[in-house]
Structure formats: structure tokens, C-alpha cells
Amino acid sequence: MDTSKISHEIGKAHGQGQEKGSQLMEKIGNAAQSIKETVQEMVPQAKANYQAGQAQGQAQEKTTQLMEKAGNVTQSTKETVQQMGQQVKDTTLGAVDAVKNATGMNK
């Protein structure tokens with residue numbers, strides 16, 4: 001093989017290598033752009049998920065507080081009804097005793 005043919009083949013191989021390198025760089029650039037777009041789409045969703053998680057945590061805390069308040073109100077109501085029942089009982093017994101005393105049945 002003569003040197004001019006070898007030089008031609010080397011030049012051809014070099015050109016093909018540059019073309020393959022350019023194609024590879026273009027593919028890498030496209031992949032990078034695709035990744036960038038995917039990340040940009042994911043960021044708002046991740047932020048929304050984070051905010052939803054925060055809102056859920058706050059709602060659970062409020063629910064717990066309301067349940068505690070409801071329990072306190074229930075206990076207070078129970079105690080009040082018991083006190084009122086005792087007062088009615090005492091008043092009724094007092095009235096019965098007064099009637100018995102007035103009628104002479106308490107002797």
C-alpha cells in the first residue's frame with residue numbers, strides 16, 4: 001500500500017471518528033436535556049407531595065386536639081349530670097321527709 005492510500009484511509013477513519021464523536025455528543029446532549037426536563041417535571045410534584053404530607057400531619061394534630069377536647073367535654077358533662085342527679089335525689093328525699101313530718105308519718 002502506498003503512503004497516499006494510507007494517508008487517505010487514516011483521514012477517512014479520522015473523519016468517521018469525528019462523526020461518531022459528534023453523534024455521541026449529540027446523544028449525550030439529548031439525554032441530558034431529557035433528564036433535565038424530567039427533573040423539572042418531578043420537582044413540582046415532589047413539592048406538592050411534601051406540602052400534602054405537612055397538611056396531613058397538621059390535620060392529624062388538629063384531630064387529636066379535638067378528640068382530647070371532646071373527651072374533656074364528655075367527662076365534664078358526665079360529672080355535671082351526676083351532680084345534678086345527686087341534687088335531685090337530695091331534694092326529693094328532703095321533700096319526702098317534709099311531707100312525712102307535715103303529715104305526722106315520720107314518727
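All residue numbers in this chain count up from 1 along the given sequence. Note that the structure is a prediction, hence the values are computed from the model and not measured.
Hydrophobic cluster membership is shared by V43 and I35, with clusters built from Ile, Leu, Val, Met, Phe, Trp and Tyr side chains linked at under 4.5 angstrom.
Other residues, nucleotides and ligands place more than 12 heavy atoms under 6.0 Å from the CD atom of Q65.
Atoms OG and CD, from S4 and E9 in turn, are 10.5 Å apart once rounded to the nearest 0.5 Å. For the atom pair CD1 (I28) and CG (L24), the distance works out to 4.0 Å, reported to the nearest 0.5 Å. Annotation: the span from K62 atom NZ to K69 atom NZ amounts to 7.5 Å, rounded to 0.5 Å.
Between the side chains of Q23 and E19, at least one donor N or O lies within less than 3.5 Å of an accepting N or O. Counting only N and O atoms by type, the side chains of N72 and E68 include no donor and acceptor under 3.5 Å apart.
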| request: Determine, stepwise, if the pair K78 / T74 fulfils side-chain contact (heavy atoms from CB on, under 4.5 Å). | output: CA-CA 6 Å; K78 176 183 172 186; T74 301; 5.6 Å; no
| Passes side-chain contact (heavy atoms from CB on, under 4.5 Å), Q33 versus K36? Steps please. | CA-CA 5 Å; Q33 182 63 32; K36 177 183 175 185; 4.2 Å; yes
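Between the S34 side chain and the N30 main chain, no donor and acceptor come within less than 3.5 Å of each other.
The shortest side-chain heavy-atom distance between V96 and K100 falls under the 4.5 Å cut-off.
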Distance-only donor-acceptor pairs under 3.5 Å for side chains of residues 81-89, two or more places apart:
from: Q86; atom 1: NE2; to: D90; atom 2: OD1; distance (Å): 2.9

